[in-house]
S.K.: 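Could you have a look at this structure, given as C-alpha cells, before my questions?
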Amino acid sequence: MNLRNPSYFRMATVAVALLIAAFIIMVLVGVVTHSPPAVLIECLLSEEIQFAIRLSIITSVISTLLCILVAVPVAYALARYTFPGKTVMNMLMDIPMALPPLVAGVGLLLFFGVSPVGKSLAAAGLAFVFTPLGIIMAQFFVNLPYMLRVTRSTFQGVNPRYEHVAKTLGCTDAQAFWRVTLPMSANGLLAGSVITWSKGIGEFGAGLMLAGATRMKTETLPLSLFLNMSTGKLEYAIAAATILIMISVVSLYAFERYGGATHVY
C-alpha cells in the first residue's frame with residue numbers, strides 16, 4: 001500500500017470506528033463520574049447495594065455453574081456427532097438468545113407458576129416465582145445459549161484426530177474427552193464461563209418477570225438500578241450501574257484474553 005496516498009475508504013472506516021468508540025467511552029464515563037466519589041462510595045457501602053451485590057454474585061455463580069454442566073455435554077454432542085434432528089436442536093437451543101428477555105420471563109412465569117410441573121415443584125419446596133431461585137432460573141434460561149455457542153465453537157476448534165489417537169492408545173470415548181479434549185478447551189471454557197457469568201449478573205427482564213423486584217429479597221444489581229431510578233434515588237442507581245460497568249469491562253477483557261478463536265455468534 002502506498003503510504004503517501006492512503007485509501008480514503010480506509011480512513012473513513014477507521015474514523016467511524018474511532019467515533020463510535022469515543023461515543024461509548026463518553027457514555028460510560030458519564031455514568032461513572034456523575035456522582036462525587038464520596039457520595040458514590042457511601043452508596044456502594046450502603047446495606048441495600050451490598051445486599052444486591054451479594055445476591056447478584058451468588059445467583060450468577062450458581063446459574064453459570066448450571067450452564068457449564070449442561071453446555072459441556074450438549075455442545076460436545078453438537079460439535080462431534082451427527083444425529084436426526086440436529087439442525088432443529090441447534091435452532092431450539094438458540095431460541096432463548098433470540099427472545100426478548102421479558103418474553104422469556106413471561107414464559108418462565110407461566111411454566112413455574114400455573115403449569116402442573118411448576119405447581120409440583122412448588123409443593124415439593126422448590127418455589128421459583130418471586131424468590132431468589134427464580135433469579136437463578138431466569139439467568140440460566142437466558143444465558144445458556146451463549147455458553148453453548150462458545151463451548152461448541154471451542155470443541156470444534158479441537159482437531160478430532162487427537163481423540164482418535166487417544167482411542168488407539170486404549171482410551172474410551174469418555175476418557176478421550178476428559179484427558180484430551182477438555183484440557184485443550186480450557187481457555188475457551190474459561191472465556192465462555194466469564195462472559196456467561198457477566199451476563200448473568202446483568203440479567204434484568206426475565207428475572208423481573210419471574211422473581212419480581214422486591215427490595216432486600218430479590219434485589220439484584222440490575223433490579224436495584226431499576227428500583228432506585230423508579231423512586232428517584234439516582235445516586236444509588238448510579239452506584240449499581242457503576243458496578244455493572246466494571247464487571248462488564250473486566251469480563252470482556254477476560255473473554256478477549258482467553259477466548260482465542262471462540263465466538264458467541
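Computed over heavy atoms, backbone and side chain alike; hydrogens, waters and symmetry mates excluded.
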S.K.: What's the shortest heavy-atom distance between Ile238 and Ser35, and which atoms?
M.R.: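 For Ile238 and Ser35, the tightest heavy-atom pair comes out as CG2-OG, 3.7 Å.
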S.K.: Do Leu208 and Leu210 sit in one hydrophobic cluster, given that two such residues count as connected whenever their side-chain heavy atoms are within less than 4.5 Å of each other, even indirectly?
M.R.: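 Per the 4.5 Å side-chain linkage, Leu208 and Leu210 are not co-clustered.
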S.K.: Is any side-chain heavy atom of Leu121 less than 4.5 Å from a side-chain heavy atom of Phe112?
M.R.: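 Heavy-atom side-chain distance check passes, below 4.5 Å.
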S.K.: Measure from the side-chain N and O atoms of Thr214 to the backbone N and O of Lys217, and report whether any donor-acceptor pair falls under 3.5 Å.
M.R.: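 The answer is no, because no donor-acceptor pair under 3.5 Å joins these two groups.
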S.K.: Taking C-beta and beyond as the side chain, do Phe83 and Leu78 meet within less than 4.5 Å on heavy atoms?
M.R.: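 Yes - at least one pair of side-chain heavy atoms lies under 4.5 Å apart.
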S.K.: For the residue pair Pro96 and Met93, what are the closest heavy atoms and their distance?
M.R.: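 What the structure gives for the nearest pair is CD-O, 3.6 Å.
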S.K.: Take Asn228 and Glu48, measure what side-chain contact (heavy atoms from CB on, under 4.5 Å) needs, and give me the verdict at the end.
M.R.: CA-CA 10 Å; Asn228 285 304; Glu48 180 181 352; 3.3 Å; yes
S.K.: Do you know the tightest heavy-atom contact between Ile68 and Pro73?
M.R.: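 For Ile68 and Pro73, the tightest heavy-atom pair comes out as O-CD, 4.4 Å.
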S.K.: Find the distance between CG (Asn159) and CE (Met184) and round it off to the nearest 0.5 Å.
M.R.: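 Here the interatomic distance stands at 8.0 Å.
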S.K.: Using a cut-off of 6.0 Å, state whether more than 12 heavy atoms not belonging to Glu235 lie near its atom CD.
M.R.: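 Yes, the 6.0 Å shell around CD holds more than 12 heavy atoms from other groups.
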S.K.: With hydrophobic residues grouped by side-chain heavy-atom distances under 4.5 Å, do Leu69 and Phe140 end up in a single group?
M.R.: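 No, Leu69 and Phe140 fall in different hydrophobic clusters.
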S.K.: How far does OG of Ser60 sit from CD1 of Ile201, to the nearest 0.5 angstrom?
M.R.: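 Reported value, rounded in 0.5 Å steps: 4.0 Å.
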S.K.: For the pair Thr13 (side chain) and Arg10 (backbone), establish whether a donor and an acceptor sit closer than 3.5 Å, ignoring hydrogens and angles.
M.R.: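 Flag set: sc Thr13 to bb Arg10 pair under 3.5 Å.
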S.K.: Donor-acceptor pair, distance only, cut-off 3.5 Å: does the side chain of Glu163 make one with the backbone of Pro160?
M.R.: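 Not at all, since once roles are kept as given, no pair shorter than 3.5 Å links the two residues.
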S.K.: So which heavy atom on Gly202 is nearest to which on Leu244, and how close?
M.R.: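 What the structure gives for the nearest pair is CA-CD2, 4.4 Å.
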S.K.: Heavy atoms, side chains only, cut-off 4.5 Å: are Arg215 and Thr231 in contact?
M.R.: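 With C-beta onward as the side chain, the pair touches.
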S.K.: Any donor and acceptor pair, going by atom type alone, linking the side chain of Ser185 with main-chain N or O of Gly188 inside 3.5 Å?
M.R.: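 No: the side chain of Ser185 does not pair with the backbone of Gly188.
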S.K.: Quick one: does NZ or CZ of Lys86 land under 6.0 Å from the six-membered ring centre of Tyr81, within 45 degrees of the ring axis?
M.R.: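 No, Lys86 and Tyr81 do not form such a contact.
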S.K.: Check whether Ser46 reaches the backbone of Cys43 with its side chain - one donor and one acceptor, N or O, closer than 3.5 Å.
M.R.: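 Judged by distance alone, yes, a pair lies under 3.5 Å.
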S.K.: Examine distances only and state if a side-chain atom of Thr218 and a backbone atom of Gly212 form a donor-acceptor pair shorter than 3.5 Å.
M.R.: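 Answer holds: yes.
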S.K.: Trp178 and Val72: same hydrophobic cluster, using ILVMFWY side-chain contacts below 4.5 Å?
M.R.: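 Yes: a chain of side-chain contacts under 4.5 Å links Trp178 to Val72.
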S.K.: Leu234 versus His34: any side-chain heavy-atom pair under 4.5 Å?
M.R.: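 Sidechains of His34 and Leu234: in contact.
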S.K.: Show, in sequence, the C-alpha distance, side-chain angles and deciding distance for Thr154 and Arg149, and conclude whether the side-chain hydrogen bond (donor to acceptor under 3.5 Å, both in side chains) test is met.
M.R.: CA-CA 9 Å; Thr154 300; Arg149 284 265 177 166; over 6 Å; no
S.K.: In terms of ring plane angle, is the pair Phe177 and Phe155 parallel, tilted or perpendicular, where the classes change at 30° and 60°?
M.R.: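 Perpendicular.
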S.K.: Can you give me the closest heavy-atom contact between Thr64 and Trp197, atom names plus distance?
M.R.: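 Distance-wise, the nearest heavy atoms are OG1-CA, 3.2 Å.
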S.K.: Where the side chain of Ser251 meets the backbone of Ser248, is there a donor-acceptor pair that is under 3.5 Å apart?
M.R.: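 No.
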S.K.: Contact between Phe204 and Leu225 at the side-chain level, heavy atoms closer than 4.5 Å - yes or no?
M.R.: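 Of all side-chain heavy-atom pairs linking Leu225 with Phe204, none is under 4.5 Å.
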S.K.: Could you list who else is in Val165's hydrophobic cluster, with ILVMFWY side chains joined at under 4.5 Å, directly or through other members?
M.R.: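 Leu169, listed by chain and number.
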S.K.: For the hydrophobic clusters of this structure (ILVMFWY residues joined by side-chain heavy atoms under 4.5 Å, transitively), does one cluster hold both Leu126 and Phe130?
M.R.: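 Linked within one cluster.
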S.K.: Nearest 0.5 Å, what's the CG-CZ distance between Asp173 and Arg80?
M.R.: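 These two atoms lie 11.5 Å from each other.
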S.K.: Using every non-hydrogen atom in the two residues, find where Ala211 and Thr131 come nearest and quote the distance to one decimal.
M.R.: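 The pair with the smallest heavy-atom distance is CB-O, 3.5 Å.
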S.K.: Between Phe128 and Phe111 (judged by ring centroids, cut-off 6.0 Å), do the two rings come close enough to count as a pair?
M.R.: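 Aromatic pair excluded; centres sit 6.0 Å or further apart.
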S.K.: Can you confirm whether more than 12 heavy atoms, excluding those of Met229, are under 6.0 Å from its CE atom?
M.R.: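 Counting neighbours around CE of Met229, 12 or fewer heavy atoms of other residues, nucleotides or ligands fall under 6.0 Å, so no.
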S.K.: Rounded at 0.5 Å granularity, tell me how far CG in Leu144 sits from CG in Leu148.
M.R.: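 With rounding to 0.5 Å, CG (Leu144) is 4.5 Å from CG (Leu148).
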S.K.: What distance separates Met97 CE from Lys199 NZ, expressed to the nearest 0.5 Å?
M.R.: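 Those atoms lie 9.5 Å apart.
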S.K.: Strictly distance-based, threshold 3.5 Å: is any side-chain N or O of Ser193 a donor or acceptor partner for the main-chain N or O of Leu189?
M.R.: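 At least one qualifying donor-acceptor pair exists.
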S.K.: Can any side-chain N or O of Ser224 pair as donor or acceptor with the backbone N or O of Ala240 at less than 3.5 Å?
M.R.: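 A pair under 3.5 Å: no.
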S.K.: Output yes when a side-chain donor or acceptor of Glu219 lies under 3.5 Å from a complementary backbone atom of Met216, and no otherwise.
M.R.: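 Indeed, once roles are kept as given, a pair shorter than 3.5 Å links the two residues.
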S.K.: Would you kindly confirm whether Val142 and Val74 end up in one hydrophobic cluster when ILVMFWY residues are joined by side chain heavy atoms under 4.5 Å apart?
M.R.: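 The answer is yes; both residues are in one hydrophobic cluster.
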S.K.: So do the side chains of Ser63 and Ile136 get within less than 4.5 Å of each other, counting heavy atoms only?
M.R.: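 Answer yes - side chains close enough.
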S.K.: Evaluate the side-chain proximity of Leu108 to Met209: yes if any heavy-atom separation is below 4.5 Å, no if none is.
M.R.: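 Heavy-atom side-chain distance check fails, nothing below 4.5 Å.
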